[in-house]
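See below for the structure under consideration.
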Amino acid sequence: MTRRTSRWMATAVVGALIAVGATPAVADDIDDRRAEVEQQQAQASAEREELAHELEGTDAALAAAVLELHDIEAQLPGAEVELAAAEAEVERTRREAEQLAQRLADAQDEEVQVTEEIDTSAEEVDDAHANLAEMARRSFRGEGSLSSLGIVTGAQSAEEFVDEYAAASSAARSTSQTLDELRDAESIARNRSARLEAIRETISDLKAQADQNVLDAEAARQAAEERKAELERLQAEQQEKQAEIEAQKAQAEQDLADVVSEQNSLEADLKSVIAEQDARDARIQAEKEAAAKAAAAKAAAEEAARKEAEKDSGSSSSGGSSSSGGSSSSGGSSSSGGSSGSGGSSSSSSSWGLSWPTAVPVITSYYGMRKHPFLVGVTRLHAGLDLRARCPGGRGTAIYAAQSGTVLYSRWYGGLGQQVLVNHGSHGGNSVMSSYNHLSVRSVSAGQYVSKGQLVGYSGTTGTSQVCHLHFEVYRNGSTVDPLSYL
């Protein structure tokens, strides 16, 4: 193997190593970025559910635009990574094309060089064959072909013998040397031919690789263009959605005001109902007290009349009437006033509370103030607990009455959608009501008495809800409170 061949093979090996391992750092970086994007997308999925809850009370079209913007922005990092990967592939094919071109040029140069060396070897073989042929002709003519015996018998003197022997030995050495040169020349020619064949196979393989690289480069370029177009499309959609949302901010502010107005109106209605209920209870209590006073006055009048009648009759047994006075022990009936011990129910109310309205309660959003998802600097009250519920086939999770009571409302109510509101009466001196909202189906009617745990409807996403769930509210004395304080 010549030094040039060794150099060419070393170049080929280095080129192959460069082609195989040209971009490990880039590939690793893209893999890392893809893994990071997967984590971001998983987080974005969880954030979407939270965002959907935060959009409660927002116009459906506007809320849809906000959610679509969230989805678009969640896709952008992935599109950017895929574009980077496609561009890296384009760059890889470009570098590989350069390397293949250089290797092909080196191989073609080597082919020319080896071809020239083969031509030289062929000349050397031809010269050796010619020399041998000439020696054979001379030997045939008897020139310099004396045998050892001929030299001994034909020599006229010792000097002549030495000279003839030396000439014969020189001829033999020349013949042997010529044969060695012929063998060497033929061996070199065979080696160079084998090298030429290997080089031509390499050239053929490099050309095939170059042809495939052209196809790969075109595919990579096309993929990069598609990834770039996809990224540009997402960016354009992002700008469109941002503009759409910006244009509807006034509507969002109005929606927020409507939600507050609906909440205030509902609380006002409940306080009015409570006031009417209190007035009715007071009237009934006054009527009961008046009736009791009238009954007591009548009984007193009757007792006085009886006593007067007994006095007028002069009956000596009137003193015995004092025993009847024992009937004053009927005043012990005041002990029946112990029936006011029905107030003992108030003692039981100390342990009174609400049960969870779903079989498997999972809170997805808590009661309290929270920032508006896109109105900067705006906070609002989330007036209840959001509980996870599903809506397979349109009819969702079963919703149960959190406590016994009378259904006050079973209706559609603005942003709350399908609503069932149950009046649980007074407990601990406070009026308590519970409200079940965004239902898909209502199973009870206004005025109907329901028991604790009774089905009142199925979860849904009606009203301004953006995701299937139960929005559960509790009202104390007509004002919303944190349901957890009763659960």
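- In this structure the side chain of Gln209 never reaches within 4.5 angstrom of the side chain of Asn213, judged on heavy atoms.
- Looking only at distances, a side-chain donor or acceptor of His438 sits under 3.5 Å from a matching main-chain atom of Leu416.
- Salt bridge Arg94/Glu91: present, at least one basic N to carboxylate O contact under 4.0 Å.
- Not a single donor-acceptor pair under 3.5 Å links the side chain of Thr397 to the backbone N or O of Ala389.
- Side chain of Gln403 to backbone of Gly353: a donor-acceptor contact under 3.5 angstrom is found.
- Considering only heavy atoms from C-beta on, Tyr367 stays 4.5 Å or farther from Val474 through its side chain.
- Remark: side-chain polar atoms of His70 are not paired, donor with acceptor, to backbone N or O of Glu68 under 3.5 angstrom.
- Of the possible donor and acceptor atoms, none in the side chain of Ser465 sits under 3.5 Å from a partner among the backbone N and O of Thr462.
- Counting only distance, with no hydrogens or angles, the side chain of Thr93 and the backbone of Asp216 share no donor-acceptor pair below 3.5 Å.
- Here Lys241 pairs with Glu244 in a salt bridge; the nearest charged N to carboxylate O distance falls below 4.0 Å.
- Between Ser355 and Ala401, the shortest heavy-atom contact is OG-O, 4.0 Å.
- No donor-acceptor pair closer than 3.5 Å links the side chain of Gln248 to the backbone N or O of Glu246.
- Checked for salt-bridge contact, Arg221 and Glu89 miss the test: no charged N lies under 4.0 Å from a carboxylate O.
- Residues Leu439 and Gly457 come closest through the heavy atom pair CD1-CA, 4.5 Å.
- Between Leu408 and Ala446, the shortest heavy-atom contact is O-CB, 3.8 Å.
- Glu237 has a carboxylate O that lies under 4.0 Å from a charged side-chain N of Arg233, or vice versa, which qualifies the two as a salt bridge.
- Between Glu82 and Arg34 there is a salt bridge, since at least one side-chain N of the basic residue sits less than 4.0 Å from a carboxylate O of the acidic one.
- Exactly one of Glu111, Glu110, Glu116 qualifies for a side-chain contact (heavy atoms from CB on, under 4.5 Å) with Val114. That residue is Glu110.
- Arg195 has a carboxylate O that lies under 4.0 Å from a charged side-chain N of Glu117, or vice versa, which qualifies the two as a salt bridge.
- Between Ile199 and Ala107, the shortest heavy-atom contact is CG2-O, 3.4 Å.
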